[in-house]
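Sequence lines set the chain letters: A, B, ... in the order given, protein chains first and strands last, and positions in each chain run from 1.
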Amino acid sequence: MNKEIYITDYNCVTPLGFDVESNWTALLEGKSGVALHKIINDHDAFFVSKIDSKKLEIEFKRLFDSAQNDNFTTLEKMFLLSLKPLVERHQISNDTAFILSTTKGNISLLKNESILPEGVYLSKLAQKLADFFGFKTKPIVVSNACVSGVMAISVAKNMIQTGQYKDAFVVAGDEISEFVISGFNSFQAIGSEPCKPYDKTRNGINLGEATAAAYITSELNQNEKFRFKVLGDSAINDANHISGPSRTGDGLFASVQNAMKEAKVSSEQIDFISAHGTATLYNDEMEAIAFNRMDLQNVPLNSMKGFYGHCLGASGLLESIISMESALKNTLIQSKNFKEMGVSQDLNIIKENQSAEIRYILKTASGFGGCNAAIILEKC
Amino acid sequence: MADVMPQLFWRNVKMKTMKKTDICTIENSKIIVNEQTIFETKTENFSDFAKEAYKNFELNYPKFHKMDNLSKLAFMASEMILKNDDHSNTALVFANKSSSLDTDFKYQESINSQENYFPSPAVFVYTLPNICVGEISIKHKMQTENAFFVLDKFDEEFLNSYAAQILQSGKAEKVLCGWVELYQESYKAFVYLLTT
């Protein structure tokens, strides 16, 4: 019998706010972080979900004293801000894991450099954050493209279940960079307007930036404000193509199936799906196929990309946190910018905010390299 | 030393339940399988070494030539172990230190100057470390559990414990574990198969 694993605290730093409460309020009001920003010289502006750097600076100075302020990149400040309240509320012991999810970390530091700056190594980034808060174990970096944020929760669950750790702080983040924008643009994957997941007129992604953090533990102390059990997880590869999703949704289908099997939860029991929904033609279609194969087409579903864009390594954890907040507030959030069905199979896409009892949540993600990930969370 | 206890316990569990069946090491233009050198060249350049190894083993997989060096390294080491056996239930747990920085650096060069601004999707797709795991999965049709970690140094204990957990949960019957580190001309692959 495996140990039960709970998420009992979380936080996030996004363009919509620097804590969960302000994010939730903005989401209820239908606000989006997506707007036009000039990212690349000599190139038109892109629709991205970007944090106001002045606001971030003010918040950072407010919460961290100036002696500690030296030498942090924007992304590191976002990480520190999202972790701080959790570290204050939960003790770090010798058996506490520190898990970081990111795809590109401080990749912006690479610009015009002829040798690698230390800060671009993901393990250096993780160690810097770990040292700042005094983590005692060696940081673990999960870097599986766009599924990293979901997988970071799975990794925490699995490592705690092996008995190696008692609890874990999981943090996930990526920032808007010229590196990533130019790359997705070369793929012609970036939408020319605010992204419209699953919609008939969708034409690509908006990138976003955010950090999110969660505290995951096997040991409850009865002081928790809430508890979500991590019931099951899986991350299965499509084995089909490195830069395009499987037409049959094989990997996502298998990931969801495995996660539900481990969770001992059936399709009828799932109350809500927080899907990936990037608003590219192929991704959204693939998801519709996979969910139908699992008989999940009637379950209320949303994509948060219309609010936050695609935050790469942060997305999965950020969207899991918003899902849990939805369950606590008994409110399903609209899948922003969705108007007319644009995938070939039925999905129950949430068109407006509505109240609902949510006990079992399915969170999924898919990404480059053919990777997919699914987790099942239960509100306790 | 209370904090050491769980790890000691875990080590014992592993020794009882898992065995390493095949091991491949690639470094210094040399491929070693189960302690036997099966290929060696005088070429010091990684790309040429990879090309020669590809010919020598008649890998016959044209996609190989499109891969970045990290994927070539991971792919070659995996080929030596997976061969043509059935791996429909073999998970992949890989890690390294430099992530995809080798290709990141090349991609960054293509966008550094406004005069020579040529971002290429074929290069950009390799700016993620887990792509090499995707390449192996495609070759062997492995629709299985995948994970890629970035660590400051090789940590077999970590890979083994993550693999053990996958095996114990029944999510796979075997796990191909790999440390695949590459930055420019400095590289090392250590890939091995674990079974219960």
- Query: Taking every heavy-atom pair that is under 4.5 Å apart, which of A/Gly369, A/Ser143, A/Ser93, A/Gly370 has the most such pairs with chain B?
  - Reply: A/Ser143
- Query: What part of B/Lys171 lies closer than 4.5 angstrom to a heavy atom of chain A: side chain, backbone, both or neither?
  - Reply: side chain
- Might you point out which heavy atoms bring B/Gln143 and A/Asp238 nearest each other, and give the distance in Å? NE2-O, 2.9 Å
- So which part of A/His241 gets closer than 4.5 Å to some heavy atom of chain B, the side chain, the backbone, both or neither? backbone
- Item | Value rounded to 0.5 Å, distance of CG in A/Asn237 from NZ in B/Lys141 | 13.5 Å
- A/Gln188 CD: over 12 foreign heavy atoms closer than 6.0 Å: no
- Task: Would you check if there is a donor-acceptor pair between the side chains of B/Asn130 and A/Asn144 at a distance under 3.5 Å?
- Result: no
- Can you list the steps and then say if A/Ser182 with B/Tyr107 is a side-chain hydrogen bond (donor to acceptor under 3.5 Å, both in side chains)? CA-CA 10 Å; A/Ser182 65; B/Tyr107 180 78; 2.7 Å; yes
- Item | Crowding at NZ, A/Lys136 (>12 non-hydrogen neighbours, <6.0 Å) | yes
- Between A/Ser114 and B/Phe105, the two heavy atoms sitting closest are O-CZ, 3.3 Å
- Note on the structure: Ranking B/Ser98, B/Gly170, B/Ala95 by heavy-atom pairs under 4.5 Å to chain A gives rank one to B/Ser98
- Just checking, is any N or O donor in the side chain of A/Gln164 or B/Ser161 under 3.5 Å from an acceptor N or O on the other one? yes
- So which of B/Phe124, B/Phe158, B/Phe149 has the largest heavy-atom pair count under 4.5 angstrom toward chain A? B/Phe124
- Message: I need the A/Ile242 CD1 to B/Ser71 OG distance, nearest 0.5 Å.
- Response: 7.0 Å
- What part of B/Phe118 lies closer than 4.5 angstrom to a heavy atom of chain A: side chain, backbone, both or neither? neither
- With a 4.5 angstrom heavy-atom cut-off, could you sort out which part of B/Ser113 is near chain A: side chain, backbone, both or neither? neither
- Note on the structure: To the nearest 0.5 Å, atom OH of B/Tyr126 lies from atom CZ of A/Phe368 at 11.5 Å
- Note on the structure: Given A/Pro139, A/Ser246, A/Ser234, A/Gly251, the one with more heavy-atom pairs under 4.5 angstrom with chain B than any other is A/Ser234
- Message: When you measure from the side chain of B/Glu145 to the backbone of A/Ala235, do you find a donor-acceptor pair of N or O atoms at a distance under 3.5 Å?
- Response: yes
- Step through the shown structure and confirm whether more than 12 heavy atoms of other residues, nucleotides or ligands are within 6.0 Å of OH on B/Tyr117. yes
- Note on the structure: With chain B, the option among A/Gly105, A/Ser123, A/Ser186 that has the most non-hydrogen atom pairs under 4.5 Å is A/Ser186
- Check whether A/Leu100 gets within reach of chain B through its side chain, its backbone, both or neither, counting any heavy atom under 4.5 Å. neither
- Task: Compare every heavy atom of B/Ile111 with every heavy atom of A/Lys111, then report the nearest pair and how far apart it is.
- Result: NZ-O, 4.3 Å
- Query: How far does CG of B/Asp152 sit from NZ of A/Lys138, to the nearest 0.5 angstrom?
  - Reply: 4.5 Å
- Of the listed A/Thr103, A/Asn41, A/Val155, the one with the largest count of heavy-atom pairs under 4.5 Å with chain B is A/Val155
- Enclosure of A/Lys261 NZ (heavy-atom neighbours >12, cutoff 6.0 Å): no
- Query: B/Asn112 side chain to A/Asn112 main-chain N or O, any donor-acceptor pair under 3.5 Å?
  - Reply: yes
- Task: Quick one: which of A/Lys166, A/Lys104, A/Glu113 has the most heavy-atom pairs under 4.5 Å with chain B, could you say?
- Result: A/Lys104
- Note on the structure: Okay, B/Thr144 and chain A: the region with an atom under 4.5 Å from a heavy atom over there is backbone
- Rounded to the nearest 0.5 Å, the CG atom of B/Asp104 sits from the CG atom of A/Leu116 at a distance of 9.0 Å
- Task: Let me know if B/Ala122 has heavy atoms under 4.5 Å from chain A in its side chain, its backbone, both or neither.
- Result: neither
- In Å and rounded to the nearest 0.5 Å, what is the CG to CG distance from A/Leu122 to B/Leu101? 6.5 Å
- Does the side chain of B/Val125 reach to within under 4.5 Å of the side chain of A/Phe187, using non-hydrogen atoms? yes
- Note on the structure: Max heavy-atom pairs within cutoff under 4.5 Å with chain A, candidates B/Ser110, B/Ser120, B/Ala147, goes to B/Ala147
- Query: In terms of heavy-atom proximity below 4.5 Å to chain A, should B/Lys97 be classed as side chain, backbone, both, or neither?
  - Reply: both
- Query: Most heavy-atom pairs under 4.5 angstrom with chain A, which of B/Ile136, B/Thr127, B/Val123?
  - Reply: B/Thr127
- Message: Among A/His43, A/Met151, A/Glu178, which residue has the highest count of heavy-atom pairs closer than 4.5 Å to chain B?
- Response: A/Glu178
- Note on the structure: When the 4.5 angstrom heavy-atom criterion is applied to A/Ala145 and chain B, the contacting part is both
- Message: With a 4.5 Å cut-off on side-chain heavy atoms, are B/Leu151 and A/Val141 touching?
- Response: no
- Message: Around atom NZ of A/Lys38, are there more than 12 heavy atoms from other residues, nucleotides or ligands closer than 6.0 Å?
- Response: yes
